[in-house]
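Letters go in sequence order (proteins before strands), and every chain restarts at 1. Small disclaimer: the values here were computed from a predicted structure and weren't measured.
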There are 2 protein chains.
Amino acid sequence: MTDFTKTRQAFHLPEGLTYLDGNSLGPMPVAAKERVSRMMAEEWSEMLITGWNRAGWYVQPRSVGDRIARLIGAGPGEVVMGDTLSIKVFQAVSAARALRPERRVILSDSGNFPSDLYVAEGLARAVDAELRVVAPEEVADAIDEDLAVLMITEVDYRTGRRHDMKALTARAHEAGALTVWDLAHSAGAVDVDLIGADADFAVGCTYKYLNGGPGAPAFIWTHPRHADAAEPILQGWMGHAAPFAFDLGYTPAPGIERMRVGTPPVIAMTALDAALDAWDGVELADLRARSVELTEAFIAGVEADCPGVTLNSPRDPAMRGSQVSFRHPQGYAVMQALIAEGVIGDFRAPDVLRFGFAPLYNDLQDVQRAVDTLARILREESWDQPHFHEKADVT
Amino acid sequence: MTDFTKTRQAFHLPEGLTYLDGNSLGPMPVAAKERVSRMMAEEWSEMLITGWNRAGWYVQPRSVGDRIARLIGAGPGEVVMGDTLSIKVFQAVSAARALRPERRVILSDSGNFPSDLYVAEGLARAVDAELRVVAPEEVADAIDEDLAVLMITEVDYRTGRRHDMKALTARAHEAGALTVWDLAHSAGAVDVDLIGADADFAVGCTYKYLNGGPGAPAFIWTHPRHADAAEPILQGWMGHAAPFAFDLGYTPAPGIERMRVGTPPVIAMTALDAALDAWDGVELADLRARSVELTEAFIAGVEADCPGVTLNSPRDPAMRGSQVSFRHPQGYAVMQALIAEGVIGDFRAPDVLRFGFAPLYNDLQDVQRAVDTLARILREESWDQPHFHEKADVT
């Protein structure tokens with residue numbers, strides 16, 4: 001049984017705050033600060049260039065990848081770290097499309113994080129493919145024999161709606177297409193099972209529920225059946241079969257290593273590696289149960305006590321990730337008032353109040369405080385009048 | 001007049017080492033460790049998501065870029081940071097090629113760092129272009145009316161040979177082509193003048209002479225005449241004209257901002273920003289004069305005192321960057337012996353001893369010690385016998 005009291009202690013949580021924005025940026029694990037200081041003082045400083053071997057910097061993208069693999073239902077040696085999520089989306093969609101060269105269509109949905117759509121659109125223009133975007137509920141029906149790649153973010157960044165990875169993957173495979181799953185709002189939040197779902201490619205970021213720090217390295221996974229066939233469009237030095245032979249021509253490394261690109265960001269990777277210590281001993285089934293407990297309690301509390309808000313997330317927890325959003329006509333101002341009271345969620349236009357529940361450090365006291373504070377704000381002020389809207393904080 | 005005694009004090013240089021491998025990984029600036037600790041303790045920890053605005057994380061790729069612009073002969077607002085050099089090469093070559101859509105050829109040379117060739121080869125295959133690679137001395141003659149993009153690394157990573165940026169750019173422009181300059185071994189090492197050379201695009205890394213740490217973020221520069229026309233192939237969120245409008249379609253930001261891709265690596269960027277403090281007050285003319293002084297002294301010393309080595313770099317400093325290499329039949333073993341004596345250079349197959357001279361922290365005492373140590377090693381041991389070759393350290 002996972003001890004969530006213990007996992008909470010791994011984090012620095014500022015005094016007086018209830019932090020429900022870990023779906024945007026996770027808080028700092030105490031170990032991350034210590035480990036980065038040590039890496040700088042003992043490795044970069046003293047080992048200099050030999051740190052690549054002596055301190056294990058070179059293999060870190062793979063060793064850290066192995067730690068993440070366990071959290072997404074993948075096996076050791078199947079995940080590598082590096083770059084940003086946008087770059088990893090580009091690599092995965094390109095590689096999937098290259099495995100279906102006779103097909104042109106990349107399908108996604110309008111609930112996807114827009115950045116994934118931008119990346120796919122840019123790729124499609126470059127390689128003569130076509131990006132089609134449909135509503136989330138129309139994805140299954142839009143899968144046809146023209147489809148090369150289905151590119152879906154499992155959990156919607158605004159509503160928390162969770163796609164059925166296994167069913168959509170099966171549907172795509174029936175039509176002869178491959179799948180790319182973006183796990184930005186899934187990894188560390190829900191019980192992802194890539195092998196169980198028979199997915200083809202997956203990517204994700206690590207600065208949300210995995211708490212790797214702002215701009216932490218992304219990950220990419222390829223199903224073992226594709227790992228030696230996937231053709232990298234970004235032919236990077238570190239993805240070469242023999243990087244230090246300095247051949248003039250590119251030969252991809254076997255397996256997932258070919259999805260490495262340039263020199264890995266060692267300082268950032270060290271922070272992430274330390275952050276992952278918090279996951280030691282955490283079982284995904286417990287994580288999921290805890291997440292459902294927190295989100296169900298929040299929905300029930302808000303619906304009982306808070307006037308004027310409408311649930312913007314699926315009511316059925318099976319259809320939901322680890323975040324909940326509500327709509328309110330004065331959503332921006334309400335969120336600003338909440339933040340002023342020390343309850344940190346965030347706002348998404350036009351009227352969405354978004355709350356992330358991270359099982360590793362959020363608890364039922366956080367839920368209760370958020371409900372009570374929101375209830376008081378909504379009852380005390382008059383929300384029929386327009387409130388001044390400032391520009392939202394960048395997240 | 002730049003005070004190089006003062007700049008040397010900005011670095012942590014391990015006791016007893018003469019470090020001549022800053023062309024591979026620069027040593028740690030003392031300020032970098034302090035600044036990263038503070039960023040973690042005061043920004044990530046306490047500001048959490050609001051750090052994007054309050055701590056300036058969001059604008060860092062541009063503000064750090066401005067500090068680098070000065071060191072490469074570019075103007076403020078012309079450089080942004082992010083990703084790795086491989087990604088930036090991919091972006092720059094793709095954008096340059098898209099400005100010459102009717103032409104297919106990307107030209108480079110065999111003295112280029114192989115990774116640039118891998119990236120260009122992968123891009124060429126994806127977008128139906130053709131990569132041509134000629135010997136370094138044949139580049140000028142290989143420029144013809146088929147050429148879309150000339151992609152050249154200014155300073156050769158093995159020999160230190162420096163291409164004439166201004167002359168080659170002029171030649172490329174006469175033929176109607178555009179240039180992409182890789183400044184990996186130039187930025188912080190020589191007096192780069194992008195605007196003076198009328199270059200089109202430039203990219204570089206920051207973990208060598210700019211001392212940003214292992215895997216530090218890369219930079220990209222676009223000449224202002226192309227900045228609003230260059231079409232990004234990597235359509236990232238942060239390069240969008242309005243990232244927080246969450247539009248489903250991509251509109252590139254004006255100017256160089258469109259070359260941003262995903263969420264910037266804040267911890268790494270903070271280390272780099274602090275590392276750049278060492279450059280405050282450094283004049284490029286002084287940097288270049290100091291570099292020539294050090295490399296000339298090293299060549300003269302080695303040629304006077306060290307038997308059995310052959311200069312592998314151009315003798316004319318005008319044709320050379322800030323590194324010097326020599327060949328020796330037992331090069332690998334000789335370098336291992338040097339390293340064992342505390343003189344850190346590196347080895348490149350098949351027989352190259354490579355020494356980088358970083359004007360900010362190397363001085364004439366380093367030169368003298370390197371010469372003396374090499375001379376002693378070469379005189380004391382018998383180098384006619386084959387020496388055991390181990391696998392070289394990863395750099």
Could you go through the side-chain contact (heavy atoms from CB on, under 4.5 Å) check for B:Met28 and A:Glu46 one step at a time?
CA-CA 9 Å; B:Met28 192 186 74; A:Glu46 294 293 329; over 6 Å; no
Which atoms of [X] come close to chain A, meaning under 4.5 Å heavy atom to heavy atom: side chain ones, backbone ones, both, or neither?
X: B:Ala32; value: both
X: B:Met269; value: neither
X: B:Arg158; value: neither
X: B:Asp247; value: both
X: B:Glu231; value: side chain
X: B:Ala126; value: both
X: B:Ala218; value: neither

Considering only heavy atoms and a distance below 4.5 Å, find which of [options] pairs most often with chain A.
options: B:Trp44, B:Trp57, B:Tyr19; value: B:Trp44
options: B:Asn112, B:Ile87, B:Leu131, B:Val127; value: B:Ile87
options: B:Gly26, B:Ser37, B:Pro27, B:Ala120; value: B:Pro27
options: B:Val261, B:Ile267, B:Leu234, B:Asp83; value: B:Leu234

Tell me, for [X] versus chain B, whether the close heavy atoms (under 4.5 Å) come from the side chain, the backbone, both or neither.
X: A:Arg125; result: side chain
X: A:Leu13; result: neither
X: A:Tyr157; result: side chain

Pairs of heavy atoms under 4.5 Å with chain B: top-ranked of [options]:
options: A:Ser86, A:Ser45, A:Gly262, A:Gly122; answer: A:Ser45
options: A:Gly239, A:Pro232, A:Gly212; answer: A:Gly212
options: A:Ala268, A:Ala245, A:Gly236, A:Gly213; answer: A:Gly213
options: A:Pro264, A:Pro214, A:Pro265; answer: A:Pro214
options: A:Leu48, A:Leu25, A:Leu85; answer: A:Leu48

Check whether B:Tyr118 reaches the backbone of A:Leu248 with its side chain - one donor and one acceptor, N or O, closer than 3.5 Å.
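Such a contact is absent between B:Tyr118 side chain and A:Leu248 backbone.
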So, B:Phe90 versus A:Phe90, ring centres under 6.0 angstrom or not?
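Yes.
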Is there a side chain to side chain donor-acceptor pair (under 3.5 Å) between B:Thr263 and A:Thr84? Walk through the geometry before answering.
CA-CA 7 Å; B:Thr263 305; A:Thr84 63; over 6 Å; no
List the atom of A:Glu121, the atom of B:Gly249, and the distance in Å for their closest heavy-atom pair.
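Closest heavy-atom pair between A:Glu121 and B:Gly249: OE1-CA, 4.1 Å.
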Using the six-membered ring wherever Trp is involved, compare the ring planes of B:Trp237 and A:Phe113 and label them parallel, tilted or perpendicular (cut-offs 30° and 60°).
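Perpendicular.
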